[in-house]
2 protein chains.
Amino acid sequence: MKIGDLARAAQCTVETVRYYEREGLLPPPARTAGNYRDYGQEHAERLRFIRNCRALDMSHGEIRSVLALADQPSACCGAVNDVFDQHIAHVAERIRELEHLRRSLLTLRERCRRERTVEDCGILQGLAEMESGPPGRHTHLG
Amino acid sequence: MKIGDLARAAQCTVETVRYYEREGLLPPPARTAGNYRDYGQEHAERLRFIRNCRALDMSHGEIRSVLALADQPSACCGAVNDVFDQHIAHVAERIRELEHLRRSLLTLRERCRRERTVEDCGILQGLAEMESGPPGRHTHLG
DNA sequence: GTTGACCCTATAGTAGCTTCACGGTGTGCA
DNA sequence: TGCACACCGTGAAGCTACTATAGGGTCAAC
């Protein structure tokens, strides 16, 4: 299977596949005589697994942890559960942050219901007056 | 006012201030004989404005639009309202995405309530079986 | 004159890709 | 045989909004 076939199967781009190889998420495949990457079914499954993790917004670090564990069939899966619980907590926290943000934005938006001049715009006045403390840094979810 | 004073006033770092200057968000100030940046009150106000926008997770592009408009006092503020409405829509959409994500994660988490072996872990099985379509790309909100 | 706090520029790193430049490979058709 | 064209290869740069590091200069106090 060539890289284009693999990418199509996993609904991602060829560049992403090569990137995952560089990152060590996907093992380097055999090469053909013409130096083309030659993938098998196991690569397709692993890539699919990775893309599913990414669809859940897991970071490469989280995915690496999960993959490392998945490679030891008889190990205990507690660490997988831990990664998941932490990731769920990340998502929940980011939702809370964004809901707070949305309320702030709507409050500010209310200050200029119809068009006026820039001078009189309640939104711009609000942006000038606000007192936002030090930056609240958030998770890899943005 | 030296850069350190300005940064302290706006609760950000000196590096961030220099970065905003490079990005064209903050105009280059006068320089002292020793080549130190020399800021006035107008810089403090503009930086505060920028930091308030960032606290609302607006992108540099959005901030640039708003600043450009704020610099024309007698113009009509409709475009500011538009930037805000779009930004509020971004936030709302990201909240929806994350809530969907959280439900998926919780469903998957249910598949492995207690520790088992990796082979039998319902989460890992789920990650292998899922069918996530093409990547849903999201806003600058991450 | 020397310490220490502060400032300067330039460069690289972060996450997860995407895009680009430039060139090689393989297949189908005239 | 020659050519077009789709696909593959590498390496480097670009994206966002910073952060960090290296290597050096300025200034006030002691």
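What you are looking at is a predicted structure, and each value in this text was computed from that prediction instead of being measured. What you see below is based on every heavy atom in this structure, not just the backbone, and it leaves out hydrogens, waters and symmetry mates. Order of the sequence lines fixes the chain letters, A, B, ..., with proteins taken first and strands second; residue numbering starts at 1 for each chain.
- When rounded to the nearest whole Å, the span between CZ of B:Arg64 and P of D:dC15 equals 11 Å.
- Counted by atom type alone, B:Asp38 and B:Thr32 present zero donor-acceptor pairs between their side chains at under 3.5 Å.
- Rounded to whole Å, the distance from CD1 on B:Ile3 to P on C:dC6 is 13 Å.
- Between the CD1 atom of B:Ile63 and the C1' atom of D:dC18 there is a distance of 12 Å, given to the nearest Å.
- If you run side chain to side chain contact (heavy atoms under 4.5 Å, CB included) between B:Cys12 and each of B:Arg54, B:Arg48, B:Arg51, only B:Arg51 comes through.
- Proximity of B:Glu99 to A:Glu99: side-chain heavy atoms (C-beta onward) are separated by under 4.5 Å at one or more points.
- Atom pair B:Leu26:CG and D:dA17:P shows a separation of 16 Å (rounding to whole Å applied).
- For the segment residues 6-25 of chain A, the set of residues with a heavy atom within less than 4.0 Å of an atom of DNA chain D comprises A:Arg18, in numerical order.
- Using a 4.0 Å cutoff on non-hydrogen atoms, the parts of residues 32-41 of chain A near DNA chain C are A:Gly34, A:Tyr36, ordered by number.
- One finds a side-chain N or O of B:His60 lying less than 4.0 angstrom from the OP1 or OP2 phosphate oxygen of D:dC18.
- Residues B:Leu25 and B:Tyr19 fail the side-chain proximity criterion, which asks for heavy atoms closer than 4.5 Å.
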Derivation of the salt bridge (Lys or Arg N to Asp or Glu O under 4.0 Å) call for A:Asp5 and A:Lys2: CA-CA 5 Å; A:Asp5 305 321; A:Lys2 283 189 288 185; 5.9 Å; no
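- Remark: C1' of D:dT16 and CE of B:Met58 are 15 Å apart, rounded to the nearest angstrom.
- For the residue pair A:Arg46/A:Tyr39, the side-chain donor-acceptor check at 3.5 Å is not satisfied.
- OP1 or OP2 of C:dC17 lies within a sub-4.0 Å distance of a side-chain N or O belonging to A:Arg51.
- Looking at A:Leu105 and A:Arg102, their side chains never come closer than 4.5 Å, going by heavy atoms from C-beta outward.
- Using a distance-only test at 3.5 Å, with no hydrogens or angles considered, no donor-acceptor pair links the side chain of A:His100 to the main chain of A:Glu97.
- When hydrophobic clusters are built by joining Ile, Leu, Val, Met, Phe, Trp and Tyr residues whose side-chain heavy atoms come closer than 4.5 Å, directly or via intermediates, B:Tyr36 is not grouped with B:Leu47.
- B:Leu47 has its CG atom 14 Å from the C1' atom of D:dC18, to the nearest Å.
- With DNA chain D read from its 5' end, the first of the two nearest nucleotides for A:Gly4 and B:Lys2 is the one closest to A:Gly4.
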